[in-house]
Amino acid sequence: MEETNREAVATAVQRVAGMLQRSDQLDKVEQYRRREARKKGSVEARLKAAIQSQLDGVRTGLTQLHNALCDVKDIQNSLADVSKDWRQSINTIENLKDVKDAVVQHSQLASAVENLKNIFSVPEIVKETHELIERGELLQAHRRLMDLECSRDDLMYEQYRMDSRNAHDMNLIRAYFDHVQGLSDELAKQLWLVIQRTLVTVRRDPTLLVSAMRVIEREEKIDRRMLDRKRQTGFIPPGRPKAWKNRMNEVLEGTVSARIESTQSETRDSDKMWLVRLLELTRKYVLDDLVVVKNLVVQCFPPHYNTFQLFFDLYRCALSARVQELTTEKLEANEIVSLLTWVLNTYQSVEMMGHPDLQPECDIKQLEPLLPQEVVDRLLSEYMKTFTSNITGWLRKALETDKKDWQRDTEPEADQDGYYQTTLPAIVFQMFEQNLQVAAQISEEFKEEVLKLCLKQMTSFLVRYRDEVVAYKEEHLKDRQLPQFYVQYMIAIINNCQTFKESINSLKRKYSHSTDPTPNDAAIEKTLSEVAKEGCQFLLDEVFLDLENHLNDLLTRKWLTGCHAVDTICVTVEDYFNDFAKIKKPYNQEMTAEAHRRVVVEYLKAVVQKRITFKNAEERKDGAERMIKEAEQFSFLFKKLSAGEDTDWLCGSITAIAEVFKLTDPSLLFLEVSTLVSKYPDIREEHIVALLAVRGDASRDMRQTIVETLNQSKPSISTRSSPVFRDITVPTIATMTAMAVPKLLK
């Protein structure tokens, strides 16, 4: 206490020191004193109030404790009185045992009296119930059955209460009511017949179906009551619980399964379209049945049965089991597609579960798949294997058929624009499109996979196609008279390449959402271009085989004296190009350009092969003028064939060489040759030497001077124009000798 006082004094001193730090604060001492006095009074008042409140609480608690003590004493006294009375009444309770037994016996006798009428009339009730069941009066029959069962169950329950171990009396009651269980089974049998024919009964006699459902509901209530009594007493009548609702669900499940299985009326042996028919019948049956359930059956079942969902789940499970069973059979490729299309698309479409008549009860967004994904993947894998094998065979057969057409004695068919063609592209892409249409019915992803496979197979097929075209050409060269329409069918083959390209692009636009190139695109494009290019080359080879003798006459003495080789060449080329007009663009344009180039190159080869050497200026003039005239003939011809395109560049090389030959003043020869070289910079030294040799008046020194001077100032080769002299070789003396020997032998 003293320590507390000291702390209080120290605190007060500290506060006073804080208030009186300046001299002017001494004037406020009285004011500080009054303020502290008010604070002190306020604190003392709060302390008094708090202490008073605590004292009042203590006083109230003491009063309640006193009252509780009095109550405890009263209870002790009451318990003592009860204990005394209980001890005095033990003997009296033991004397009431006989009364208790009498009460139990009275209860049994009362139950017997209550059921006395039913007990004595059991045979009659059994007979009436049997007749009611046969007449289909299910509610009345069930009422009689319930009366019989109630009498039996009450008697057995009273016997159980009196002596649960007395099996003899229990068996005696059970034996007396033995026919009751038979009636129950007979009624159940009738119920299940009605339930099995629910979809038929609901149309013809819905009252009968309602009666059956009421009977099942009654039995469910009795089952629940009996189970409750069993939990309380341990007794349950024989045959309980009947669980007829569960049995009803089992019957419905079996009925739905049988309904689904009944759709298969044919097998693959009797009808190739057996699976399509089966699936269509299944779709129709399921849709019709569910519509009946939604519109009629639901009204006959209790609302809490959730009838539509019940039937919907049963049909879904039955369908799932059935289609999984079908997947275990060895299905063909078209059957796999039919099944997967039905499972993945038709099942959820407006033709089946999404039908407007099933809405809104059937939510297709909540539908579970009929087949597990692993089964779907397995079927797709099997289909792809079979499809790969089939398409390889189909393409091989299509190519064999096309090869046979190449040997025909009639021209190939022409399209609406007059271009030759064969049926191969149409057959191939009709085959592809049919399979892509089928794949699109399954899923977009599967369609993309089938398209990739088609393009992959197309790559391999075109390689074989190219080999067969080459073999066709080689066989023709053995006897150029056969086949009769070799040129026309080679044109059709070239056109097929363009058709293939167009068809592939069309397939990709139609069946692929991706614009990215596939790994097979480049290979297909390359192979088709090679086939078309080689086909054009084969046709030009055919042309130049016919022109060979006439080309050999160029720049010879025979040619100089008035040979008509170029006239024949032009007529022959034009005649061939009348057929080549049936080649599609751009191949006909490329072929015209290549023919033009080859004719000019062959002409230039004739020049540099030095078949003739002009003896004098007059021969040079005649030869040069003839070359200029023939260059104009070539230019006119190919301008006509190429629809007016520029032909001066190639034919101009002949004219430029003619100008070299035509020159009369040898001193100007260097300038003329320089002009030729500047115009055609790919001309080589050996070409110039050969030209000067054909001219016949250039000395060795002059030729050497011209060549050396040109080599020092030779212009670079321009990339803007195609080379003319690049592929022209100047034969050596040995080569010319070898070429001349066969002619001498002839």
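This structure is a prediction, so every number in the text was calculated from the model and none was measured. Along the sequence shown, residues carry numbers from 1.
- In the displayed structure, Glu618 atom CD is contacted under 6.0 Å by at most 12 heavy atoms of other residues, nucleotides or ligands.
- Between Trp406 and Tyr472, the shortest heavy-atom distance links the atoms O-OH, 3.1 Å.
- For residues 386-397, the pairs satisfying side chain to side chain donor-acceptor pair (under 3.5 Å) are Thr392-Gln457, with sequence neighbours left out.
- Judged purely by atom type and a 3.5 angstrom limit, Arg726 has no side-chain atom pairing as donor or acceptor with the backbone of Asp682.
- To the nearest 0.5 Å, atoms OG1 (Thr499) and CG (Leu424) are separated by 10.0 Å.
- The side-chain hydrogen bond (donor to acceptor under 3.5 Å, both in side chains) search around Glu594 returns Arg597, not counting sequence neighbours.
- Residues Tyr383 and Leu331 form no side-chain contact, since every pair of their non-hydrogen atoms from C-beta on lies 4.5 Å or further apart.
- At most 12 non-hydrogen atoms from other residues, nucleotides or ligands lie less than 6.0 angstrom from NZ of Lys533.
- Annotation: cation-pi pair Lys447/Tyr511 absent, no NZ/CZ under 6.0 Å from the ring centroid and within 45° of its normal.
- Nearest heavy atoms, Thr527 versus Val463: CG2-N, 4.1 Å.
- Using a 4.0 Å cut-off between charged nitrogen and carboxylate oxygen, Arg557 and Glu619 count as a salt-bridge pair.
- Residues satisfying the side-chain contact (heavy atoms from CB on, under 4.5 Å) criterion with Ser460, sequence neighbours excluded, are Arg464.
- Two residues are said to be in side-chain contact when any heavy atoms from C-beta on lie closer than 4.5 Å; Leu539 and Ile494 meet this criterion.
- For Phe485, the ring pair (Phe, Tyr, Trp, His ring centres under 6.0 Å) criterion is met by no residue, not counting sequence neighbours.
- Note that SG of Cys651 and CD of Glu632 are 9.5 Å apart. Values are rounded to the nearest 0.5 Å.
- For Lys501, the side-chain hydrogen bond (donor to acceptor under 3.5 Å, both in side chains) criterion is met by Glu525, Ser529, Tyr587, not counting sequence neighbours.
- With contacts defined as side-chain heavy-atom distances shorter than 4.5 Å, the pair Leu669/Leu692 qualifies.
- Inter-residue side-chain proximity for Asp622 and Phe614 is flagged as unmet; no heavy-atom pair is nearer than 4.5 Å.
- Residues Arg626 and Glu630 are paired through a salt bridge, judged by an N-O separation under 4.0 Å between the basic side chain and the carboxylate.
- A distance of 13.5 Å separates NZ of Lys456 from CG of Leu451, quoted to the nearest 0.5 Å.
- Residues Tyr680 and Gly652 share a closest heavy-atom pair of OH-C, 3.0 Å.
- The shortest non-hydrogen separation linking Phe661 to Ala624 is CB-CB, 4.2 Å.
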Quiz item: Taking it one step at a time, do Asp697 and Arg620 satisfy salt bridge (Lys or Arg N to Asp or Glu O under 4.0 Å)?
Solution: CA-CA 10 Å; Asp697 64 344; Arg620 286 191 290 275; 3.4 Å; yes
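- Between the OH atom in Tyr465 and the CG atom in Leu399 there is a gap of 8.0 Å [rounded to 0.5 Å].
- A salt bridge is defined here as a Lys NZ or Arg NE, NH1 or NH2 lying under 4.0 Å from an Asp or Glu carboxylate O, and Asp417 with Lys585 fails to meet this definition.
- Relative orientation of the Phe461 and Phe500 rings is perpendicular, given thresholds of 30° and 60° on the angle between their planes.
- Not a single donor-acceptor pair under 3.5 Å links the side chain of Thr556 to the backbone N or O of Asn552.
- Expressed to the nearest 0.5 Å, how far CG of Asp648 lies from OG1 of Thr655 amounts to 8.5 Å.
- Gln589 and Ser642 form no side-chain donor-acceptor contact under 3.5 Å, judged by distance and modelled atom types alone.
- Of the possible polar contacts, one joining the Thr675 side chain to the Leu671 backbone as a donor-acceptor pair under 3.5 Å is found.
- When the ring pair (Phe, Tyr, Trp, His ring centres under 6.0 Å) test is applied to Tyr419, no partner is found at least two apart in sequence or on another chain.
- For Asn435 (side chain) and Met431 (main-chain N/O), a donor-acceptor pair under 3.5 Å exists by modelled atom type.
- Contact check on Arg283 versus Glu280 returns a salt bridge, with a Lys/Arg side-chain nitrogen under 4.0 Å from an Asp/Glu carboxylate oxygen.
- By the 4.5 Å heavy-atom criterion applied to side chains, Ser338 and Thr341 are not counted as neighbours.
- Put simply, the side chain of Ser635 never gets that close to the backbone of Ala631: no donor and acceptor are under 3.5 Å apart.
- Take His476 and apply the side-chain hydrogen bond (donor to acceptor under 3.5 Å, both in side chains) test, not counting sequence neighbours, and it matches Glu542.
- Open room surrounds NZ on Lys662; 12 or fewer heavy atoms of other groups in view lie less than 6.0 Å from it.
- The heavy-atom pair separating Asp405 from Thr423 by the smallest distance is OD2-OG1, 4.2 Å.
- The shortest non-hydrogen separation linking Asp402 to Asn496 is OD2-ND2, 4.4 Å.
- Listed by chain and number, the residues in a salt bridge (Lys or Arg N to Asp or Glu O under 4.0 Å) with Asp553 are Lys558 (sequence neighbours excluded).
- Side-chain atoms of Glu335 and Trp274, non-hydrogen and from C-beta on, do get closer than 4.5 Å to each other.
- Relative orientation of the Trp559 and Tyr603 rings is perpendicular, given thresholds of 30° and 60° on the angle between their planes.
- Residues forming a side-chain hydrogen bond (donor to acceptor under 3.5 Å, both in side chains) with Gln633 (at least two apart in sequence, or on another chain): Asp567.
- Of the possible polar contacts, one joining the Arg611 side chain to the Leu554 backbone as a donor-acceptor pair under 3.5 Å is found.
- Residue Leu547 holds its CG atom at 9.5 Å from CZ of Arg598, rounded to the nearest 0.5 Å.
- For the ring pair (Phe, Tyr, Trp, His ring centres under 6.0 Å) test, residues two or more places apart in sequence or in another chain that qualify with Phe638 are His596.
- Electrostatic pairing of Glu382 and Arg378 counts as a salt bridge here, judged by a charged N lying under 4.0 Å from a carboxylate O.
- With contacts defined as side-chain heavy-atom distances shorter than 4.5 Å, the pair Pro586/Gln498 qualifies.
- Classified by interplanar angle (parallel below 30°, tilted 30° to 60°, perpendicular above 60°), the ring pair Phe580/Phe577 is perpendicular.
- Taking the side chain as every heavy atom from C-beta outward, Phe446 and Leu340 never approach each other to under 4.5 Å.
- Surrounding CD of Glu413 are at most 12 heavy atoms belonging to other residues, nucleotides or ligands under 6.0 Å away.
- Residues satisfying the ring pair (Phe, Tyr, Trp, His ring centres under 6.0 Å) criterion with Phe725, sequence neighbours excluded, are His687.
- A salt bridge between Asp541 and Lys473 is absent, with no side-chain N of the basic residue lying under 4.0 Å from a carboxylate O of the acidic one.
- Checking each of Leu540, Val543, Ile491 against Met591 for a side chain to side chain contact (heavy atoms under 4.5 Å, CB included) leaves exactly one that passes, namely Leu540.
- With sequence neighbours excluded, the residues that form a side-chain contact (heavy atoms from CB on, under 4.5 Å) with Lys605 are Val601, Glu602, Gln609, Ile728.
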